[in-house]
Q: 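Here's a structure for you.
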Protein chains: 2
Amino acid sequence: MLGVTADNHLTDEDRKFLAGYDPHAFPPAAVTVDLVILTVRAGELCVLQIRRGEPPQRGRWALPGGFVGPDETLDEAAARELAEETGIRAGAHLEQLATFGDPGRDPRMRVVSVAYLALVPDLPTPVAGTDASEARYLPVAKLGGTEQSLAFDHDRILAEGIERARAKLEYTGLAATFLDEPFTIADLRRVYETVWGVPLHAANFRRKVLSTPGFVEPTGEKLATGRGWAELYRRGATAHLHPAIPRPAAT
Amino acid sequence: MLGVTADNHLTDEDRKFLAGYDPHAFPPAAVTVDLVILTVRAGELCVLQIRRGEPPQRGRWALPGGFVGPDETLDEAAARELAEETGIRAGAHLEQLATFGDPGRDPRMRVVSVAYLALVPDLPTPVAGTDASEARYLPVAKLGGTEQSLAFDHDRILAEGIERARAKLEYTGLAATFLDEPFTIADLRRVYETVWGVPLHAANFRRKVLSTPGFVEPTGEKLATGRGWAELYRRGATAHLHPAIPRPAAT
DNA sequence: GCAATAGTGTCTCTCAGACATTATGGT
DNA sequence: ACCATAATGTCTGAGAGACACTATTGC
């Protein structure tokens, strides 16, 4: 096991050094977090977008995000932004995605943006944040046209977020974070089909999910669906699936 | 296909806004890149470390890294640091790992570090960079003791880098980037055994590698080894392996 | 010959994919 | 009765793991 705690004890030399240290000696940058917030609603994978209420690029759609506070960790800033935009404070999945810092990606100054990926259950309605005049969930299938392109380099961030989400469904139990509990195996299968954009074999999917230990936990309850009924499940404890859920090649 | 190019065209409103914009309005931070440079030498997975030549934490071992220049992309800064520390300008694998920005991780000021992972072939001898007084390749098996703990939060960065490298060998052809060309199947197997720390079944490994299209390309040459001979191969063109190389559970 | 490593052949077990069948309950 | 969906059972092919065996060359 590797040590994972930083030992930041200061030596006497460090103290002397810091007393005479000028923080303006290095090229300054602003640090932001931008969020790719994905959900499944009405059979479509959707991403939360905010219409910018202030320059630059006012009126244009963008990913939600904001500056990192002086005393916040990056994870805390991302969790705060997620709560501000969606009202979600717990239960969602939130992970760091990648960092984007090309010079000129923001015309104001050097801005380094740490992108996060959030997977959330279907929400009642978007809550506009302080900076935002409007919010929407856009199906990712509608992306691609120049009409829909986002501000700054957010198209690229979004593309990486979607690809990360698709990959993570293969080897983690994160698909269940898109669902409210309890859910049926068919609900879970529809999440996979929606995110991957391919139909899955219902019988094989069921066998695979139930034979993977810790993926889902049976509640013992049954739900009357349209025709017939279905058993209900909760999220399992296992984060890493062994073996993985095979992802068919995209059509 | 999603658009991946940022459209940063400025509106007239943007220009007016920027003319009156004060870059000091947001909490400033310094942005650095830190590199986890891994190689395989003498049957051990090793990481390049630099002994800090200046405060803070002078004399302590750390990962190589440095500040991102005002006109550099993050990738360019990482490639520059890699070249400065190792002399390598091409051929190595370099990818963004994760970003670390806890307040207080560097006593000087708010420093956000974008960590990169580099996989390089065995090198003649470490070249000390400008800021460094000393450099070494430390086998990662020797990590873990407090004696070996690195400056700042570099232990944590290193742990993530090692885990990323181990995972990537499963589903990419990156193992070959640890080797000079041409190499034998046994050389490649020893890379896997070294990085994963487990013995692999030689016959099955060979069958797996050769049946995976695009993993390695035969040269047709044969090399006289100590006893017997072995066929020689080059890196294949395929980045993503299908199916993956199964990774046995750690002992 | 013996030792050590490279390479080939084959068997078995697991599991994904495909298909068939039954059960359920609303229309 | 009919239909859509849930759930169960069975067959097959691909592939991983294990083992036996041959080939080559230095000692």
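Just so it is clear, the structure is predicted and the values come from calculations on it, not from any experiment.
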Q: If you measure from CZ on B:Phe178 to CG on B:Leu169, what distance do you get to the nearest 0.5 Å?
A: 6.0 Å
Q: Could you tell me which non-hydrogen atom of B:Glu217 sits nearest to which non-hydrogen atom of B:Ala237, and how far apart they are?
A: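 Smallest heavy-atom distance, with atoms named: OE2-N, 4.3 Å.
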Q: Check the phosphate of D:dT8 against A:Arg206, side-chain N and O only, distance under 4.0 Å to OP1 or OP2. Yes or no?
A: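 True: A:Arg206 side-chain N/O within range (under 4.0 Å) of D:dT8 OP1/OP2.
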Q: Grab the CZ-P distance between B:Phe205 and C:dG7 for me, whole Å please.
A: 12 Å
Q: So, using side chain to side chain contact (heavy atoms under 4.5 Å, CB included) as the criterion, who are the partners of B:Arg207 when residues are at least two apart?
A: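 Here the qualifying residues are B:Asn204.
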Q: Rounded to whole Å, please give me the gap between CG in A:Leu223 and P in D:dA6.
A: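 So the CG-P distance, A:Leu223 to D:dA6, works out to 10 Å.
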Q: What closest approach, in Å, do B:Asp122 and B:Asp180 show between heavy atoms, and which atom pair accounts for it?
A: O-OD2, 4.4 Å
Q: CG of A:Leu200 versus C1' of D:dA6: gap in Å, rounded?
A: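 Whole-Å distance recorded here is 16 Å.
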Q: Listed in order of residue number, which residues of residues 178-188 of chain B have a non-hydrogen atom at under 4.0 Å from DNA chain D?
A: none
Q: Polar-atom pairs under 3.5 Å, protein N or O versus N or O of nucleotides 23-26 of chain D: list them with distances, or write none.
A:
{"unit_1": "D:dT24", "atom_1": "O4'", "unit_2": "B:Trp229", "atom_2": "NE1", "d": "3.3"}
{"unit_1": "D:dT24", "atom_1": "O3'", "unit_2": "B:Trp229", "atom_2": "NE1", "d": "3.3"}
{"unit_1": "D:dT25", "atom_1": "O4'", "unit_2": "B:Gly228", "atom_2": "N", "d": "3.3"}

Q: Hey, can you pull the residues of residues 213-221 of chain A with a non-hydrogen atom under 4.0 angstrom from DNA chain D?
A: none
Q: For A:Tyr192, enumerate each residue passing the side-chain hydrogen bond (donor to acceptor under 3.5 Å, both in side chains) test, keeping only those at least two apart in sequence or located in another chain.
A: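 Counting only residues at least two positions away or on another chain, A:Tyr192 forms no side-chain hydrogen bond (donor to acceptor under 3.5 Å, both in side chains).
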Q: Enter the distance from A:Leu117:CG to A:Arg164:CZ here, rounded to the nearest 0.5 Å.
A: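 CZ of A:Arg164 is found 7.0 Å from CG of A:Leu117.
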Q: Reading nucleotides 13-19 of chain C 5' to 3', which nucleotides get B (base under 4.0 Å from a protein heavy atom), which S (sugar-phosphate only), which -?
A: ---BBBB
Q: Is B:Arg80 paired with B:Glu84 through a side-chain N to carboxylate O contact shorter than 4.0 Å?
A: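 B:Arg80 and B:Glu84: salt-bridged.
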Q: Taking all heavy atoms of B:Ser113 and all of B:Asp34, pick out the closest pair and write down the distance.
A: OG-OD2, 2.6 Å
Q: Please give me the minimum heavy-atom distance between A:Leu74 and B:Gly101, naming the atom from each residue.
A: CD1-N, 3.6 Å
Q: Working to the nearest 0.5 Å, report the span between NE2 of A:His93 and OG1 of A:Thr177.
A: 7.0 Å
Q: With respect to A:Tyr233, which candidate in A:Asp187, A:Val216, A:Leu188 satisfies the side chain to side chain contact (heavy atoms under 4.5 Å, CB included) definition?
A: A:Val216
Q: Are any non-hydrogen side-chain atoms of A:Leu210 and A:Ile185 less than 4.5 angstrom apart?
A: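 Contact flag for A:Leu210/A:Ile185 side chains = yes.
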Q: Enter the distance from A:Ile37:CD1 to A:Glu85:CD here, rounded to the nearest 0.5 Å.
A: 6.5 Å
Q: Distance check needed: D:dG15 C1' versus B:Glu170 CD, whole Å only.
A: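 To the nearest whole Å, that distance equals 16 Å.
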